[in-house]
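One structure below.
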Amino acid sequence: MRARKLAEKLGGEFLGPGDPEITSICPINEAEKGQVAFLHNPRYRKYLTETKASCVVLPSELLIENRSFTAIVVDNAHRAMATAVDILYLSLI
């Protein structure tokens with residue numbers, strides 16, 4: 001699924017660069033190209049500068065300006081992650 005489509009399904013704001021294909025979910029510090037990571041705890045914000053994730057879903061207060069990944073800004077990253085699991089793994093939505 002493309003990141004822009006995932007953003008639509010999550011009700012989030014899509015912020016490029018690009019529109020990468022997303023195939024799975026992974027922790028932000030372990031993510032690779034093609035994976036989406038979720039950031040909800042400010043303690044893990046340090047990984048935003050080094051993540052290899054193609055896309056990161058996070059609240060606006062954790063977004064950084066200089067980023068190499070596509071971002072999806074949401075109000076509730078926990079809820080967005082649960083929804084993304086349904087979308088990417090269970091195909092319920």
Side-chain angles (χ1 to χ4, degrees):
M1 170 177 292
R2 293 280 176 193
R4 185 178 301 273
K5 184 70 171 177
L6 181 60
E8 289 174 18
K9 291 184 175 278
L10 297 178
E13 178 185 2
F14 176 84
L15 302 172
D19 189 9
E21 183 71 25
I22 303 300
T23 59
S24 60
I25 299 170
C26 196
I28 194 165
N29 59 327
E30 298 174 15
E32 296 290 334
K33 183 179 177 183
Q35 295 182 309
V36 62
F38 290 79
L39 179 63
H40 57 84
N41 188 326
R43 175 175 41 177
Y44 296 99
R45 189 174 191 213
K46 63 185 176 186
Y47 294 114
L48 285 175
T49 58
E50 59 191 59
T51 189
K52 294 179 184 170
S54 292
C55 183
V56 178
V57 179
L58 69 172
S60 61
E61 63 268 12
L62 297 179
L63 186 65
I64 59 174
E65 287 187 34
N66 297 324
R67 58 185 160 68
S68 59
F69 56 85
T70 296
I72 299 173
V73 178
V74 296
D75 291 332
N76 186 321
H78 286 285
R79 182 178 299 135
M81 186 171 83
T83 302
V85 167
D86 285 346
I87 293 166
L88 294 171
Y89 296 110
L90 303 175
S91 297
L92 296 177
I93 297 176

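Among all heavy-atom pairs drawn from A3 and I72, the shortest one is O-CD1, 3.7 Å. For the residue pair L48 and L62, the shortest heavy atom distance occurs at CD1-O, 3.2 Å. The two atoms that bring I28 and A37 nearest to each other are CA-CB, 3.6 Å, heavy atoms only.
A donor-acceptor contact shorter than 3.5 Å links the side chain of E21 to the backbone of M1. Side-chain atoms of Y44 never come within 3.5 Å of backbone atoms of F38 as a donor-acceptor pair (strictly under, hydrogens ignored). A donor-acceptor contact shorter than 3.5 Å links the side chain of T70 to the backbone of P17. Between the side chain of E50 and the main chain of Y47, no donor-acceptor pair closer than 3.5 Å is present. Proximity of a side-chain donor or acceptor of S54 to a complementary backbone N or O of P20 within less than 3.5 Å is not detected. No side-chain donor-acceptor contact under 3.5 Å links R2 to the backbone of R4. Formation of a donor-acceptor pair under 3.5 Å by the R67 side chain with backbone atoms of G16 is found in this model. Looking at T83, its side chain does come within 3.5 Å of a backbone N or O of R79 through a donor-acceptor pair.
Note that the NZ atom of K33 and the OG1 atom of T23 stand 11.0 Å from one another [nearest 0.5 Å]. Rounding to the nearest 0.5 Å places NZ of K9 at 10.0 Å from CG of L88. Taking CD of E13 as the reference point, atom CG of L63 lies at 8.5 Å (rounded to 0.5 Å). Rounded to the nearest 0.5 angstrom, I87 CD1 and I22 CD1 are separated by 12.0 Å. To the nearest 0.5 Å, atoms NE2 (H78) and CG (N41) are separated by 7.5 Å. Taking CD of E8 as the start and CG of L10 as the end, the distance is 10.0 Å to the nearest 0.5 Å.
In the hydrophobic clustering of this structure, I25 groups with V74; members are Ile, Leu, Val, Met, Phe, Trp, Tyr whose side-chain heavy atoms approach within less than 4.5 Å, directly or through other members. Two different hydrophobic clusters hold M81 and L58 under the rule that ILVMFWY side chains link at heavy-atom gaps under 4.5 Å.
Sparse packing is recorded around CG of D75, with 12 or fewer heavy atoms of other residues, nucleotides or ligands lying under 6.0 Å away. Other residues, nucleotides and ligands contribute over 12 non-hydrogen atoms within 6.0 Å of the CZ atom of F14.
L15 has its side chain within reach of V73: a pair of non-hydrogen atoms, C-beta onward, lies under 4.5 Å apart.
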Side chain to side chain contact (heavy atoms under 4.5 Å, CB included) between H40 and V57, worked out: CA-CA 8 Å; H40 57 84; V57 179; over 6 Å; no

